[in-house]
Each structure stands twice: as C-alpha cells, then as structure tokens.
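Structure record follows, encoded as structure tokens.
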Amino acid sequence: MDLPARATDRAIAGGLALLAAVLHAPLVFRTVGGCDEWHILTAGVRLAAGEVMYRDVTHIAGPGSFYLAAALFRLFGARFEVARLTMLAVFATMTAVLYLLTRRLTGRAAAALVALWFIAFQLWCMPHWQMMHYASLGLFLVTCAFLVLGAERPPRAGRAVVAGLLAGAAMLTKQDSGALGTSGCLLALALGSAARRRAGAPRESHAVLLFFAAAAAAPLVVAVAYFWSQRALWPFVLQTAYDTLVQHPLFVGGGGPERVDYVPFPRLFPLLHQDALLRGRLLSYLPGMFWDLHWREVVASRLYHDTNLLELAIKLGFRLPYVLLLVEAIATARAWRRAGDGALAARAAQLAFAACIMAALSKPRDWIHLSIVIVPLAPIVARQLGALDAALPRIPRDVVRSALVAVGALYLGLSADLGWRAVVTYTAPIHGTRGTAYARAGDAETLQDLVAALEATPANRPVMAVPCVSAATFLAARPCASRFPWLWPRDAYRDRDQQVLASLDAHPDATVVYTLSHIPTIPRLQGHGPALFEGLATRYRMGPIFGPDSVHLIATLAERRPASPERDALRLTDRLAAATVERIHGGTVERIDTPDALAGVATWALTPRVLWVAPSAGGETHVALPVRVPPGARLRLRAGVNPDLWQTLGPFPVRLRVAVVADGQTTELLAVQRDVFAHPGDRAWVPLDADLSAFAGREVTIVLAAAADGWPGSTGEVAGFEDPRVVRP
C-alpha cells in the first residue's frame with residue numbers, strides 16, 4: 001500500500017473514531033456498569049493516595065487498569081467522569097484500529113462497515129467499552145500492539161519494540177488475553193515471514209522476534225521490580241498468577257453458582273427442547289443492556305413460553321465464532337498451498353491473532369466476556385464475505401447481497417432502538433462527591449440514598465461494601481475498611497473472611513453497606529464465605545433499608561449490635577429439639593414426626609440464630625417450646641421474612657404470631673402480617689420485648705407460628721424469629 005493510500009485510510013479511520021465518540025457521547029455517563037468498574041476506580045483512588053496494589057488492595061486482575069486509574073486521578077482529579085471519558089477515547093481509538101486492521105484484508109467499504117458494526121456492537125456488549133475495565137483495556141492494548149507490529153509487512157526493529165511494549169502492558173492489564181494475544185503477535189510474525197518467503201521474498205532475520213519478546217517482557221520486569229521493592233511481590237504473584245492458574249484455575253470448566261463457581265459455556269444439549277438450567281442463567285448469556293431493558297417482554301413472550309428458540313439461538317450463537325474461525329483456518333491452509341498469494345501474510349497473521357485472543361475466553365464463559373474476545377474476528381468475517389461475494393455467480397451473489405443488506409439494516413435499526421431506549425431510560429442522576437452517574441430510576445433511588453447516607457458520615461469513616469457494590473463508596477468519597485474491595489466466590493487468600501472481620505474489628509465505627517439483592521449466576525455469600533457471613537451477622541444488624549421494590553437494588557446500612565444489659569436465661573433456639581411441631585388446619589391438629597422440614601435454626605443475612613418456621617396454607621405451623629419462666633424475665637425476639645427472599649417476583653404474604661400458653665390459657669404477644677413484595681416497608685423485622693413476670697415460676701409453652709396468606713405455603717426458610725430468648729436482669 002503506497003503512502004497516499006495509507007494517509008487516506010488514516011483519515012478515514014480518524015473520521016470513524018470521531019463518529020464513534022459522537023454517537024456514544026450521550027451514553028457515556030449512563031448506567032452504573034458492573035462491580036468491576038467501581039473496584040478499579042476505588043483502587044485507583046487508594047493507589048493515588050500511596051497504597052500498593054495487591055499488598056493493600058486485592059484483586060485477581062493485572063495492575064494495569066488500577067494504576068491507569070490512579071494516574072488519571074492524579075492528573076485530573078478522582079472523578080467518575082474522568083474514567084468514563086477516558087474509555088470513550090479508548091473506544092473511539094479501537095474503532096479506528098479495527099478499520100485499519102480490516103483494511104489489510106479487504107477494501108475500504110468493507111472495512112468501514114466493520115467499524116460501523118463495532119460502533120453498534122458496543123451497545124450489545126455494554127458496559128464494556130463504556131466502563132473502565134481490564135478486559136476491554138487489555139484487548140485494546142494488545143490489538144494496538146498487533147496493528148503497530150504489522151506482521152503482514154517485512155519486520156522493522158522499531159515497530160517490534162513499540163508493539164512489544166504495548167503487548168507487555170496488555171499482559172499487565174488482563175493476563176489471559178494479554179499473554180495469549182502476545183503469543184498471537186509472535187505467531188503472526190512467524191507466519192507473515194513464512195508467507196512472504198513462499199511468495200518469493202528473501203529470507204528474513206528472526207532478530208525481530210527477539211526484539212518483540214524482549215520489549216514485551218520489559219513491563220513485566222519493571223512490575224516485578226516495583227512490587228519487590230514495595231514488599232508486595234508474593235501478593236502480586238499469588239493473586240494474579242497462582243490464584244488464576246493453580247488455586248482456582250480459570251481455564252477449566254465452570255461448575256456454576258450451584259457449585260460455588262463461575263458460569264460455564266452454555267451446554268449444547270438438550271438442543272431441541274427447553275433448557276431449564278440455561279433459562280436460569282439468561283442474565284449471563286444475553287446482552288446485558290438488552291436484558292435490562294426488555295427482560296419483562298422476553299419472559300412474557302410466546303417465544304419464551306412455547307418454544308426453545310431462545311436457548312437454541314444462544315447455544316448456536318456462542319459456537320458460531322469458533323465455526324467461523326475454523327472455516328478461516330481451513331481456507332488459509334488451502335491458500336498456503338498456493339505459492340505467490342500476496343495477501344496470505346495478512347490473512348495468516350490475522351488468523352493467528354484472532355485465534356489466540358478467542359482462546360483467552362476463561363471463566364466466566366458468559367456473553368459479556370465472549371463479546372470482548374470475538375472483536376478481532378470481525379476483519380476475518382469481512383474477508384470471508386468478500387471472498388464469498390467474489391466466488392458466487394451473479395444471481396446467487398445478488399441474493400446474498402440483498403440478504404446481507406437486510407440483516408445489516410435490521411442490526412443497525414435494533415442497535416439504534418437499543419441506544420435510544422438507553423438514553424431515555426437511564427436518566428435518574430446519582431450525585432456524589434466524586435461525580436454523577438445516571439441509571440434507571442429505581443436503581444438510582446437506592447444508590448442515591450446510599451451515597452447521601454455515606455456522605456452524612458464523617459469523611460474519614462471507612463466503609464466495607466458487602467459483597468461487591470463499591471459504587472456508593474467511590475461516589476461518596478469514603479475510604480475502604482478492608483484490603484478486599486470485593487467478596488468474590490474465589491479468592492487467593494483462604495483466610496479472607498478472617499482478614500475482613502479483623503479489619504472491621506479494628507474499625508468498630510466502620511460503615512457496612514450490605515447488598516441484599518442477588519444475581520442468580522453468582523453464589524451467595526453464605527455459600528463461599530460462611531465464616532464471614534456468620535461473623536457479620538453476629539456483629540451487625542439491619543439498619544436503614546433502601547430499595548423501592550423487589551426488582552431494583554436492595555441494600556442496608558448495617559449497624560453494630562449493641563451489648564445487652566440483661567443476661568440470657570434461655571435461648572429458645574437451644575431448645576428446638578424439645579419442641580413440638582404441629583400443623584393446624586381448620587381446627588385439626590397434625591403432629592409432625594419429622595419437624596426438621598418445617599422448623600430449624602439458621603443464620604440469615606445480618607440475622608443470626610433464626611428459629612425459622614415454614615408457613616402453612618389454610619392454617620398455621622406451630623412450634624411449641626416448653627419453658628420454665630424465671631422471675632423478672634422478658635421474652636425478646638424479632639419477627640420477619642428471610643432477607644434472601646426480598647428480591648421476589650411475586651407476593652407471598654405471611655402471618656407471624658407469638659403466644660404463651662399457660663394452664664390452658666393463650667396469651668398472644670405478637671401478631672403481624674408481612675408482604676415484602678407489595679409493601680417494601682414490611683422488610684423491616686418487628687421487635688418483641690414482652691414482660692413475662694406474670695408467668696414467673698410457672699411451666700409455660702411459648703408458641704411461634706407462621707401461616708401462608710393466600711398462597712400454597714412452603715417447607716423452606718421463608719420466615720422466622722431472630723434469636724428468641726428469655727432474658728432477666
């Protein structure tokens with residue numbers, strides 16, 4: 001390609017980059033991204049203040065994105081807008097890079113269409129390329145390295161060094177795609193040289209491979225030296241290498257949340273029937289913003305209820321990129337046999353790079369991660385379509401062209417609709433000291449209330465976010481109470497729970513933001529951090545509860561449990577083995593011989609020693625506990641619904657009662673109805689502090705009862721009584 005042509009392509013690439021920035025500018029501050037974005041921003045603030053990654057702040061990702069955030073915050077201030085505008089520039093530049101890469105394989109029109117595809121595709125892989133994230137930053141850096149390297153041309157030492165430095169930075173940002181992408185660059189260099197040799201060019205020196213490899217290793221050497229000097233080398237290796245490759249390897253099959261693991265690649269079978277397991281994970285396998293805006297329409301549609309087409313599309317769609325890659329490998333191998341193919345070097349190089357990037361799909365193997373690694377496949381698909389167009393006779397070619405135009409128009413139309421809906425939906429501001437984000441009204445309400453509540457605390461009071469919602473912490477500009485910014489199912493430190501509890505004990509004034517909403521594809525805290533779950537429940541209790549309804553974010557500011565001035569004379573949870581469990585239906589008493597299915601003792605979120613009672617329909621479930629009442633005694637407890645069920649999609653009202661039976665006479669102490677779906681205020685548990693002095697010295701029966709009001713009832717942990725106990729002065 002001559003110099004004027006290259007100048008023209010660079011101008012077109014610049015124009016496409018500007019177009020990408022202009023089209024996505026209205027969305028740049030909308031949506032609050034995922035947990036990862038806020039971890040990076042929060043860590044950036046801490047690093048800018050002098051803390052050291054991995055020693056003072058833990059994470060499994062490489063240090064690149066964290067130190068980038070720290071550098072940006074030092075230059076421009078710790079603001080949410082700084083990070084988002086940086087990512088807008090990265091996305092725009094990536095659009096230009098993708099155009100230039102595609103030009104190596106196709107004409108300008110096809111390359112421009114690939115760039116337009118990517119501009120629209122950002123909407124389908126959001127929040128990637130919008131939020132600051134190590135996956136998108138890592139791919140951007142290694143793709144820039146591949147572009148600069150120019151493996152389709154005779155190698156130059158200068159290009160190899162610059163490309164190697166970029167590749168090394170990519171490895172320090174996202175280990176898997178960075179390392180495999182760097183390997184792809186090396187392979188592309190070797191294949192490009194071999195292809196030119198087959199086309200009759202003179203043999204090339206392999207020194208450029210050494211220049212590239214040495215330059216790629218340089219950032220790693222600098223990082224090792226830095227962390228060694230900061231006494232953080234072992235934490236760096238433990239968290240970024242040992243944890244991801246040995247302790248909890250990311251390149252093995254994910255067992256899913258049922259096995260306290262990441263979501264796996266969607267299984268192929270059953271292929272022709274509805275797949276209940278996949279349906280339970282749709283949030284992971286569908287584009288995030290599309291699901292957020294349209295999940296109600298999807299689950300209410302006949303397509304969802306009466307067919308398996310949605311599952312089939314997911315199963316085939318996840319495998320299509322690998323099929324296209326295989327087709328390209330076969331086509332390139334066939335072309336390799338034809339000496340003198342001048343375009344072979346570029347084809348082989350792009351194939352090697354794309355294959356290595358797609359091999360980087362580690363756990364979780366969901367859409368948001370797949371959507372990143374398939375981007376380098378786009379130039380290959382453009383080349384394949386161009387080759388198909390050239391090979392077909394006129395009539396079939398016209399048919400294929402018409403079909404592609406129709407599909408492209410539909411794709412752009414759906415993308416435009418998705419973008420417009422996002423602009424008009426994510427309009428509610430979340431104002432904080434460190435910037436303003438915009439979200440859906442219901443979600444923004446909870447986050448804004450949390451930010452305001454945190455900003456009302458002293459500026460130096462630390463915050464612990466459980467399990468991983470750091471948005472409020474960052475926006476409110478409050479310090480972190482622990483070196484663990486997230487509580488993920490897999491962690492390099494086996495004593496993580498004990499470290500977190502020790503940090504909280506060292507900061508008794510710390511604010512705990514406890515998230516009570518649950519993502520079905522991530523195991524609950526009690527599943528992967530039982531010691532922490534139990535420790536938090538014994539140290540803290542529910543404070544103010546935020547969240548307008550069951551489908552938006554629900555969280556609480558946990559409060560330290562006050563010490564009780566009385567002595568516990570008797571904990572009823574310790575007497576459950578002596579209890580009588582009965583079901584009462586219309587005056588009929590059914591004695592339960594196996595009471596474990598209807599009552600038990602458990603720890604719920606911030607609610608220890610719960611004596612839960614399964615609610616019965618058409619009557620009540622009674623748990624009757626015999627007690628001798630000491631003088632001056634009081635009965636204390638709280639009654640309510642399991643916090644894990646507040647995120648319900650339908651009503652399940654329950655009635656809870658507490659009564660004392662003595663000498664055949666029943667004295668009702670508490671009777672409440674709770675409907676957490678219809679009335680969010682019913683999430684708050686109702687306390688009981690009843691004087692039992694009238695029963696002093698007598699044998700009585702304390703009855704804890706639960707009933708299902710208008711629904712079939714349950715045998716599970718739906719509602720209960722927190723730490724029912726008899727106390728005395």
Side-chain angles (χ1 to χ4, degrees), residues 537-538 540-545 556 559 561-576 578-582 584 599-616 620-643 645-646 653-662 665-676 679 681-696 698-709 717-729:
T538 56
Y540 297 89
R541 65 183 181 184
M542 294 281 180
I545 300 169
T556 183
E559 299 174 343
R561 289 185 177 274
S564 175
E566 296 92 356
R567 292 178 296 162
D568 291 337
L570 174 67
R571 275 202 159 94
L572 300 187
T573 51
D574 297 335
R575 300 291 302 274
L576 186 59
T580 300
V581 180
E582 300 171 334
I584 314 298
V601 177
T603 295
W604 293 348
L606 299 179
T607 317
R609 295 183 291 273
V610 176
L611 200 162
W612 59 270
V613 181
S616 296
E620 284 186 323
T621 302
H622 285 187
V623 176
L625 301 110
V627 173
R628 173 176 286 276
V629 180
R634 306 185 71 85
L635 175 63
R636 287 188 177 158
L637 55 80
R638 294 195 311 148
V641 174
N642 189 342
L645 302 180
W646 292 356
V654 297
R655 286 180 285 110
L656 300 170
R657 290 195 313 113
V658 180
V660 175
V661 179
Q665 299 294 317
T666 300
T667 302
E668 189 170 82
L669 303 178
L670 177 71
V672 295
Q673 183 179 38
R674 305 276 91 180
D675 186 349
V676 297
H679 307 291
D682 284 355
R683 297 168 186 158
W685 282 43
V686 180
L688 172 66
D689 183 5
D691 185 0
L692 300 181
S693 57
F695 306 101
R698 301 166 63 183
E699 291 282 351
V700 303
T701 300
I702 296 178
V703 177
L704 308 178
D709 193 359
E717 300 181 24
V718 175
F721 305 86
E722 180 195 1
D723 196 14
R725 63 201 184 279
V726 176
V727 301
R728 60 181 180 180

Nearest 0.5 angstrom please: [X] [atom1] to [Y] [atom2], how far?
X    : Y    : atom1 : atom2 : answer
L625 : T701 : CG    : OG1   : 8.5 Å
I702 : L669 : CD1   : CG    : 8.0 Å
D709 : Q673 : CG    : CD    : 4.5 Å
W685 : I545 : CH2   : CD1   : 10.5 Å
F721 : L611 : CZ    : CG    : 8.0 Å
D675 : R683 : CG    : CZ    : 11.5 Å

Between [X] and [Y] (side chain of the first, backbone of the second, donor and acceptor by atom type, cut-off under 3.5 Å), is there such a pair?
X    : Y    : result
T556 : M542 : no
R561 : Y540 : yes
R674 : A684 : yes
D691 : R634 : no
W612 : A602 : no

Residue of the set L635, V627, V660 for which side-chain contact (heavy atoms from CB on, under 4.5 Å) holds with F695 |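 Only one option passes, and that is V660.
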Which residues pass the side chain to side chain donor-acceptor pair (under 3.5 Å) test with [X], sequence neighbours left out?
X    : result
T621 : S616
R636 : E566, D689
W604 : E717
D574 : none

Could you check if a side-chain atom of [X] sits within less than 4.5 angstrom of a side-chain atom of [Y], using non-hydrogen atoms only?
X    : Y    : value
V623 : L576 : yes
V661 : V700 : no
L637 : V658 : yes
V610 : T603 : no
H679 : P653 : no

Could I get the full list of side-chain contact (heavy atoms from CB on, under 4.5 Å) partners for [X], not counting sequence neighbours?
X    : result
T538 : E534, P608
P544 : F546, L557, E559
A671 : R657, E668

Got a sec, which pairs hit salt bridge (Lys or Arg N to Asp or Glu O under 4.0 Å) with one end in residues 602-615, sequence neighbours left out?
->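 Sorted pair list: R609-D723.
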What's the shortest heavy-atom distance between [X] and [Y], and which atoms?
X    : Y    : value
P615 : A708 : CB-N, 3.6 Å
A605 : P643 : O-CG, 3.9 Å
G720 : L656 : O-CD1, 4.3 Å
P626 : A578 : CD-O, 3.8 Å
A624 : V703 : CB-CG2, 4.3 Å

side-chain contact (heavy atoms from CB on, under 4.5 Å) between L572 and R725: does it pass, once the steps are laid out?
-> CA-CA 5 Å; L572 300 187; R725 63 201 184 279; 5.9 Å; no
Within a radius of less than 6.0 Å around CZ of R655, do more than 12 heavy atoms belonging to other residues, nucleotides or ligands occur?
-> yes
Before accepting this row, confirm whether a basic side-chain N of the pair E722/R571 lies closer than 4.0 Å to the acidic partner's carboxylate O.
-> no
